[in-house]
Amino acid sequence: MLLGTQVPARDDDDYRVMAQLGVTHICADPPGNPHDWTLDQLLAFRDRIGGFGLSLDMVQLPLSSRPIEQQASPDILSAGSDRDRQIDSICRLIERLAAAGIPAAKYNLNIIGIPRTEMEPSRGGAMSEAFRWEKAEQDAPPTMAGVLPEDENWERIDYFLERVVPVAESNRVRLACHPHDPYTPPGYRGVTRVLGTVEGLKRFVQMRESPYHGLNFCQGTVGEMLDDPRREVGEVIRWFGEQKKIFNVHFRNIRGGRLSFMETFPEDGDMDMWDSLQIYAETGYPYMIMPDHVPLISGRDPKGTAFAFCYGYIAGLLQVLGSRRGDRD
């Protein structure tokens, strides 16, 4: 497994710091709209990242976690008039990624964004993102996608996968889809978040079956789907790991569960992250382990400091894992 990150670099010093802290592989994007990235731009960006001792392992397709109104490819999930052109543009982008030697891309199939309620205090006065259904705007209006029946949502997802997965497979580029964060009751804001349950994710990875079609497995988001994340998450990791459907891991923790949780630092939540890491290893997971969301802390560089802590935590677990597996070999 590889210590990774997807934190956008503010400047070249951030890349140097990542390498100095033990990060080896990253998910990062060249500037501009992904639809417009050229092969030369991708090659230059890959080489620039390599100059800092980092490997560009993944980029983000123009399908983000933002609400559909703020996305670069809104017609794909709204079935708008530009849907086929946007899908074709993504197919051509996948071909350019392969030509540039970039082995993977993450993406979202998100309509309503990432709903949260007000932040809550956590360790030492840090502030954490939270979602409490009883505090949410439960009658919030639908997005530009309108009221979307569950079956039609699946049809639009399959329409995308039918066209994109064969291109990814023929070019050997892994496509890693992020689950819907968080689970919300069916019909919230006009949609049922079909990738917001474990059963939905299982259905998704078995559609248009391919070794290049899988998940950007956000452990925090998966924990948000469960009634008892500490007890249940290991079985979920094992199922997707054994199916070889995990292409990236967002290694984050929560306190709570379905419809009522707060985000935490990795060792401060309900899930046992050491146990989880061992299951990833047991199922043969070989790709990046990276922090995702972090609490908002104090200091001159709150985000940089919080992520540095997470890199160190993951590096320590990976070191112990490596030494124990070495003892068994």
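Note that this is a predicted model, so its numbers are computed, not measured.
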Donor-acceptor pairs under 3.5 angstrom involving side-chain atoms of residues 298-307: please list them, not counting sequence neighbours.
residue	atom	partner	partner atom	Å
Asp301	OD1	Arg10	NH1	3.1
Asp301	OD1	Gly304	N	3.2
Asp301	OD2	Arg10	NH2	3.3
Thr305	OG1	Asp301	O	2.9

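- For Glu137, there are no salt bridge (charged side-chain N to carboxylate O under 4.0 Å, His left out) partners, not counting sequence neighbours.
- Checking side-chain atoms of Thr143 against main-chain N and O of Ala145 turns up a donor-acceptor pair under 3.5 Å.
- In this structure, the side chain of Glu162 does not engage the main chain of Asp158 through any donor-acceptor pair within 3.5 Å.
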> Going through the checks in order, is the side chain to side chain contact (heavy atoms under 4.5 Å, CB included) test met by Thr264 and Ile254?
Replying inline: CA-CA 5 Å; Thr264 70; Ile254 63 167; 5.6 Å; no

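- Glu152 has a carboxylate O that lies under 4.0 Å from a charged side-chain N of Arg156, or vice versa, which qualifies the two as a salt bridge.
- Counting only N and O atoms by type, the side chains of Gln6 and Asp292 include a donor and acceptor under 3.5 Å apart.
- Under a 4.0 Å N-O distance rule, the pair Asp88/Arg85 does not qualify as a salt bridge.
- In the model, Tyr311 has no side-chain atom that pairs as donor or acceptor with a side-chain atom of Gln20 under 3.5 Å.
- Of the N and O atoms on the side chains of Glu263 and Ser128, not one donor lies less than 3.5 Å from an acceptor on the other residue.
- The ring pair (Phe, Tyr, Trp, His ring centres under 6.0 Å) check on Tyr107 picks up Phe160, with sequence neighbours excluded.
- Checked against the 6.0 Å centroid criterion, the rings of Tyr285 and Tyr287 qualify as a close aromatic pair.
- By the salt bridge (charged side-chain N to carboxylate O under 4.0 Å, His left out) test, Asp268 is found to be paired with Arg255, residues two or more places apart in sequence or in another chain being considered.
- For the atom pair Arg16 CZ and Asp13 CG, the distance stands at 5.0 Å (nearest 0.5 Å).
- Membership of the apolar cluster around Met58 extends to Leu2, Met288, Met290, as traced through chained side-chain contacts below 4.5 Å between ILVMFWY residues.
- Looking only at distances, a side-chain donor or acceptor of Gln60 sits under 3.5 Å from a matching main-chain atom of Leu63.
- With sequence neighbours excluded, the residues that form a ring pair (Phe, Tyr, Trp, His ring centres under 6.0 Å) with Trp133 are Tyr188.
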> Run the side chain to side chain contact (heavy atoms under 4.5 Å, CB included) check on Ile157 and Phe204 step by step: do they pass?
Replying inline: CA-CA 9 Å; Ile157 289 172; Phe204 174 77; 3.8 Å; yes

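- Here the straight-line distance linking atom CG of Asp272 with atom CZ of Arg230 works out to 5.0 Å at 0.5 Å rounding.
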Side-chain donor/acceptor pairs under 3.5 Å, residues 42-56, sequence neighbours excluded:
residue	atom	partner	partner atom	Å
Arg46	NH1	Ala100	O	2.8
Arg48	NH2	Asp12	OD1	2.3

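- Under 4.0 Å is where a charged nitrogen must lie from a carboxylate oxygen, and between Arg238 and Glu235 no such pair does.
- Residue pairs meeting the side-chain hydrogen bond (donor to acceptor under 3.5 Å, both in side chains) criterion with at least one member in residues 28-37, sequence neighbours excluded: His35-Ser73, His35-Ser89.
- In this structure, the side chain to side chain contact (heavy atoms under 4.5 Å, CB included) partners of Glu134, at least two apart in sequence or on a different chain, are Arg132.
- Within the cation-pi definition used here (under 6.0 Å to the ring centroid, within 45° of the axis), Arg123 qualifies as a partner of Phe309.
- Although no hydrogens or angles enter the test, the distance criterion places a donor-acceptor pair under 3.5 Å between the side chain of Asn253 and the main chain of Met271.
- Taking a 4.5 Å side-chain heavy-atom cut-off between Ile, Leu, Val, Met, Phe, Trp and Tyr, the cluster of Leu296 extends to Met119, Met127.
- Residues passing the side chain to side chain contact (heavy atoms under 4.5 Å, CB included) test with Arg172, sequence neighbours excluded: Tyr212.
- Within the 3.5 Å criterion, the main-chain N or O of Thr283 finds a donor-acceptor partner in the side chain of Lys244.
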Do any side-chain atoms of residues 174-182 form donor-acceptor pairs under 3.5 angstrom with protein atoms, and if so which ones, sequence neighbours left out?
residue	atom	partner	partner atom	Å
His180	ND1	Leu195	N	3.1
His180	NE2	Leu109	O	2.6
Asp181	OD1	Arg116	NH1	3.1
Asp181	OD1	Arg116	NH2	3.0
Asp181	OD2	Arg116	NH2	3.0
Asp181	OD2	Arg252	NH2	3.3

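- For the pair Arg258 and Phe261, the cation-pi test (distance below 6.0 Å, angle within 45°) is failed.
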